Amino acid sequence: MTSQQPFPPDDFGIYYVLAECSDHYDAFPANKAAENQPHFQGVTGLRNLGNTCYMNSILQCLCSISPLVEYFLSGKYITALQKDCSKVATAFAYVMTDMWLGDSDCVSPEIFRSALGTLYPAFTKKTQQDAQEFLIYVLNELHESLKKYHRRRSCEKESIPRCCRKAIASESSIVTRLFEGQLNYSIMCLKCENCTYRNEVFTVLSIPIPSQYKCSLQDCLQCFFQQDTLTWNNQIHCSFCETKQEAAVRASISKAPKIMIFHLKRFDILGTMKRKLRTDIHYPLTNLDLTPYICPVFRKHPKYNLCAVVNHFGDLDGGHYTAFCKNSVTHAWFSFDDTRVSEIPDTSVQTATAYLLFYSCQPFSIPIEKCKS
């Protein structure tokens, strides 16, 4: 039976109504008091350089992650810089410094866009880009700039089940220490019941949206981690049966990162048809429980608190990105819309436009800058 429930209204229209109202009220003298509000560390707007709201929203979220900010403000990154690819990390440090230690209400991220644009020219064009893809490029380039090599060693005790063992990376960085997690896939042949295991590293976890209208983040996670059956063209080659067979596949988290980033898969492509899922997804601000999805041996920090959100307004062919970030100095939430910055109540953080969710397993402290001599 076809549901008669109407689709949610276009959130892009709502965004522009709110933006116009904001511009309208800014013209009144009564709002001048807002200009005299104190400038908090890490609460700085970013200039739009021409459809760069996707970049600004990601930079704001990364700027709200205190351990990452402190790594750059303290100067620790300098000793880790790779000589042949240091431009992106250095430019990132400049932006973080301006946003945390500068006295301006807004700064330009031009130096960072230029550095990243030399590697990925698409980001220098004045065209809209996907914020999730941009985030992955940024994390990858920061890792490449700051990575250190390690000798591989045998990592886990034999008493730990193979399905829960973690792979030891040969290189690490501030990015891997904060953002890198690992999925473990158990793959069982449905004919001989032989099990094999495969590990997969991630920094951003893309999760499906199981409902068209309303669901919770836990619903999305359950959909991602539920057992799946590979049939027909998706059959796997079983080494015991020596032929392709149907298989049952289930994923679990064998390494949970300190910062868990969820990408809500709102953009759906079916053949030639494209659409954006405007599902209202309820996500908790505190105590997100990942216990059901983490291998029991590694359930050290199963509960996470929300620290940042990237919102997307519009559709696949155009739109606008904003960010909500919790400031580690004031412990208040702020809305970042390019140069527009405003404090918001906790109740406003839950929206139907959420696209990326940043969760931390530990509370943030105020970043410590490098001592001046």
Side-chain angles (χ1 to χ4, degrees), residues 34-78 81 86-117 123 131 134-135 137-139 141-142 145-146 174-175 178-179 259 261 306-311 320-344 349 356 358 360 363-372:
E35 297 178 2
N36 298 322
Q37 290 181 353
H39 175 70
F40 297 112
Q41 286 185 309
V43 183
T44 305
L46 290 170
R47 290 191 179 92
N48 192 311
L49 306 175
N51 283 321
T52 57
C53 55
Y54 67 91
M55 176 177 66
N56 291 349
S57 64
I58 293 301
L59 288 176
Q60 292 291 2
C61 291
L62 294 178
C63 180
S64 71
I65 298 172
S66 292
L68 182 67
V69 176
E70 182 172 325
Y71 180 80
F72 284 93
L73 295 190
S74 66
K76 292 178 182 177
Y77 77 96
I78 296 173
L81 279 175
S86 62
K87 290 183 179 179
V88 172
T90 303
F92 185 81
Y94 288 157
V95 174
M96 291 294 104
T97 302
D98 286 344
M99 294 173 74
W100 272 89
L101 305 181
D103 54 7
S104 177
D105 289 334
C106 70
V107 297
S108 172
E110 173 61 41
I111 187 173
F112 181 73
R113 185 182 72 159
S114 177
L116 197 65
F123 297 134
F134 178 78
L135 171 62
Y137 280 118
V138 171
L139 294 179
E141 286 308 316
L142 289 179
S145 298
L146 303 166
I174 185 65
V175 173
L178 291 178
F179 301 98
I259 308 296
I261 307 174
L306 189 69
C307 57
V309 180
V310 170
N311 301 297
H320 184 67
Y321 289 99
T322 67
F324 296 153
C325 304
K326 190 172 185 178
N327 183 262
S328 59
V329 178
T330 65
H331 300 291
W333 282 92
F334 287 86
S335 170
F336 296 92
D337 181 0
D338 292 331
T339 57
R340 291 191 186 97
V341 180
S342 59
E343 185 174 342
I344 59 174
V349 178
L356 293 168
F358 292 69
S360 172
F364 290 152
S365 58
I366 299 173
I368 300 172
E369 62 181 289
K370 184 178 181 181
C371 295
K372 296 179 181 179

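Atom set for the values below is all heavy atoms of this structure, side chains included, hydrogens, waters and symmetry mates excluded. Just so it is clear, the model here is predicted, and its values are computed rather than measured.
- For the atom pair OG (Ser114) and NZ (Lys87), the distance works out to 8.5 Å, reported to the nearest 0.5 Å.
- Considering only residues two or more places apart in sequence or on other chains, Glu110 meets the salt bridge (Lys or Arg N to Asp or Glu O under 4.0 Å) condition with Arg113.
- For the side chain to side chain donor-acceptor pair (under 3.5 Å) test, residues two or more places apart in sequence or in another chain that qualify with Thr52 are Asn48.
- With contacts defined as side-chain heavy-atom distances shorter than 4.5 Å, the pair Leu68/Ile174 qualifies.
- Between the Asp105 side chain and the Gly45 main chain, no donor and acceptor come within less than 3.5 Å of each other.
- Ser66 meets the side chain to side chain donor-acceptor pair (under 3.5 Å) test with Ser328; sequence neighbours excluded.
- Side chains of Phe40 and Val341 form no contact here, defined as non-hydrogen atoms less than 4.5 Å apart.
- Here the OG1 atom belonging to Thr322 is positioned 4.0 Å from the CG atom belonging to Asn311, to the nearest 0.5 angstrom.
- Across Pro109 and Leu59, no two heavy atoms sit closer than the pair CB-CD1, 3.9 Å.
- Atom CE of residue Met96 and atom CG of residue Leu101 lie 11.0 Å apart, to the nearest 0.5 angstrom.
- Not counting sequence neighbours, Phe336 has no partner by the ring-ring contact (aromatic ring centres under 6.0 Å, His included) test.
- Scored by the side-chain contact (heavy atoms from CB on, under 4.5 Å) test, Thr339 finds Arg47, Cys106 as partners (sequence neighbours excluded).
- What you find for Tyr321 and Ala131 is that their closest heavy atoms are OH-N, 3.3 Å.
- How far CD of Glu70 is from NZ of Lys76: 5.5 Å, rounded to the nearest 0.5 Å.
- Pairing each heavy atom of Cys307 with each of Phe364, the nearest pair is CB-CE1, 3.8 Å.
- Across all non-hydrogen atoms, the minimal contact from Ala115 to Val88 is O-CG2, 4.0 Å.
- Here the side chain of Asp337 pairs no donor or acceptor atom with the backbone of Arg340 at under 3.5 angstrom.
- Not counting sequence neighbours, the partners of Cys61 by the side-chain contact (heavy atoms from CB on, under 4.5 Å) test are Ala308, Val310, Ala323, Cys325, Phe358.
- Thr44 contributes a side-chain N or O that, together with a main-chain N or O of Met99, makes up a donor-acceptor pair within less than 3.5 Å.
- Residues that satisfy the side-chain contact (heavy atoms from CB on, under 4.5 Å) test with Val138, not counting sequence neighbours, are Leu62, Phe112, Leu116, Phe134, Leu142.
- The CG atom of Leu178 sits 7.5 Å away from the CD1 atom of Ile65 when rounded to the nearest 0.5 Å.
- Across Val309 and Leu306, no two heavy atoms sit closer than the pair CG2-CD2, 3.7 Å.
- Remark: His320 NE2 to Ser57 OG distance equals 8.5 Å, nearest 0.5 Å.
- Residues Leu146 and Leu81 have side chains in contact (heavy-atom distance under 4.5 Å, counting atoms from C-beta outward).
- Partners of Asn56 by side chain to side chain donor-acceptor pair (under 3.5 Å), not counting sequence neighbours, listed by chain and number: Asp338.
- When the side-chain contact (heavy atoms from CB on, under 4.5 Å) test is applied to Ile344, the partners found at least two apart in sequence or on another chain are Phe324, Trp333, Ser335, Ser342, Ser348, Val349.
- For Phe72, the ring-ring contact (aromatic ring centres under 6.0 Å, His included) criterion is met by Tyr77, Phe92, not counting sequence neighbours.
- Proximity of Met55 to Leu49: side-chain heavy atoms (C-beta onward) are separated by under 4.5 Å at one or more points.
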